[in-house]
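First up is the structure itself, then whatever we jot down about it.
Every chain is numbered from 1, with letters handed out A, B, ... down the list of sequences.
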There are 2 protein chains.
Amino acid sequence: MKAEALKGHLDGILLAVLEAGPRHGYAIMEALRVRSGGQVDLPTGTVYPALHRLERAGLVRASWSEAGGRRRRVYELTTAGRRALDTERGTWQDFSAAVTALLRPASPAASLP
Amino acid sequence: MKAEALKGHLDGILLAVLEAGPRHGYAIMEALRVRSGGQVDLPTGTVYPALHRLERAGLVRASWSEAGGRRRRVYELTTAGRRALDTERGTWQDFSAAVTALLRPASPAASLP
DNA sequence: CACTACATGTAGTATTACTACTCATTGATC
DNA sequence: GATCAATGAGTAGTAATACTACATGTAGTG
């Protein structure tokens, strides 16, 4: 399972990575790879547009920096971003509990009422 | 939390409902409402197209039936559908474990290496 | 008669994450 | 000295998904 779709929870995950401190896009991708044990390996075409989206939404703040002849765009959480992360954690709890319950085999049940 | 997006796991959930026995679309929506305690309340514009998709994919088999002057399209799992449901359960386990881990607060961490 | 529950469906839209590129620098390898 | 991998940022175009908002019709209840 490599490029597993994060399906709507990508934003929350990016915010969670940034909670630990400011990071640039490439570093975020690597942090995700490391923290997931290689399970989550996002392509740049997923991560960069997502960061721009979060920036437009005011959940992260970005600034250019330079290191070793390489320009980096460093992102950090805003207050709204922190709030959004809290909300997302709650949403995820509810969502995952609901899906887990629905996916669990039910009693073979009465079919047509 | 009402029309919560099932985000890519709708198909698996529909298959899980049908695992308990054949059902028609409307009954599936109701089963979902009941089994989720009202949390999951899908609009018809989500469920019917999804069922058609599953049928096209060969994961369910459909047939018309008549009850009380009402025509119903009754869906039941195929062998492929049963297999797909097993796969989806595994995928969900991995996926939810990964998201839960990534969403968990990390050590405040070194930022820019 | 009007309204609700039952029952199925479509058209059009917004969002999302993907593939497949482009561009540029640095450091290691041949 | 050339070439390649890693670092770093980005876009264009596409496919999939679930949504809103509608159309259509029957049965039963107040």
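- Atom-to-atom, CG of A:Leu14 to P of C:dT16 comes out at 12 Å; the value is rounded to the nearest Å.
- Residues that satisfy the side-chain hydrogen bond (donor to acceptor under 3.5 Å, both in side chains) test with A:Glu55, not counting sequence neighbours, are A:Arg73.
- Counting to the nearest Å, the P atom of D:dT20 and the OH atom of B:Tyr48 are 16 Å from each other.
- When the P atom of D:dG10 is taken as reference, atom CD1 of A:Ile28 falls 11 Å away, rounded to whole Å.
- When heavy atoms are screened at a 4.0 angstrom cut-off, B:Gly45 is found touching base atoms of the nucleic acid.
- Proximity note for A:Trp64 (side chain, C-beta onward) versus C:dT16, D:dG10, C:dA7: the nearest is D:dG10.
- Two residues are said to be in side-chain contact when any heavy atoms from C-beta on lie closer than 4.5 Å; B:Phe95 and B:His9 meet this criterion.
- Here the side chain of A:Thr46 is nearest to one of C:dA7, C:dT19, D:dA18, namely C:dT19.
- In terms of heavy atoms, B:Arg35 sits closest to A:Ala101 at NH2-O, 3.4 Å.
- If you check D:dA18, C:dC18, C:dA5 against the side chain of B:Tyr26, the one that comes closest is C:dA5.
- From one end of the helix from C:dC1-D:dG30 to C:dC30-D:dG1 to the other, with five pairs defining each end axis, the axis direction shifts by 0° (rounded to 10°).
- Residue pairs satisfying the salt bridge (Lys or Arg N to Asp or Glu O under 4.0 Å) criterion with at least one member in residues 75-84 of chain B, sequence neighbours excluded, are listed as follows: B:Arg61-B:Glu76.
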Show me the side-chain donor-acceptor pairs of residues 42-50 of chain B shorter than 3.5 Å, one per line, residues at least two apart or across chains.
none

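- Separating the CZ atom of B:Arg23 from the P atom of C:dC6 is a distance of 15 Å, rounded to the nearest angstrom.
- The only member of B:Ile13, B:Val74, B:Leu77 that meets side-chain contact (heavy atoms from CB on, under 4.5 Å) when paired with B:Leu18 is B:Leu77.
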Enumerate the protein-to-nucleotides 21-25 of chain C contacts in which both atoms are nitrogen or oxygen and the separation is below 3.5 Å.
from	atom 1	to	atom 2	distance (Å)
C:dT25	O2	A:Arg70	NH2	2.9

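- For the pair B:Arg71 CZ and D:dG25 P, the interatomic distance rounds to 11 Å; values are reported in whole Å.
- Distances from the side chain of B:His52 to the nucleotides D:dT11, C:dA17, C:dT10 place C:dT10 closest.
- Residues B:Trp92 and A:Ser96 are in side-chain contact: their nearest non-hydrogen atoms beyond the backbone lie under 4.5 Å apart.
- Atoms NE2 (B:His9) and P (D:dA18) sit 9 Å apart, rounded to a whole Å.
- Rounding to whole angstrom units, NE2 of residue A:His24 and P of D:dG10 are separated by 11 Å.
- For A:Arg33, the side-chain hydrogen bond (donor to acceptor under 3.5 Å, both in side chains) partners two or more places apart in sequence, or in a different chain, are A:Asp41.
- Look at CZ on B:Arg72: it is 23 Å from P on D:dT24, rounded to the nearest Å.
- You'll find the side chain of A:His52 reaches within 4.5 Å of the side chain of A:Arg56, heavy atoms only.
- Nearer to the 5' terminus of DNA chain C, by closest-nucleotide assignment, is the contact made by B:Gly25 (compared with the other of B:Gly25 and A:Asp11).
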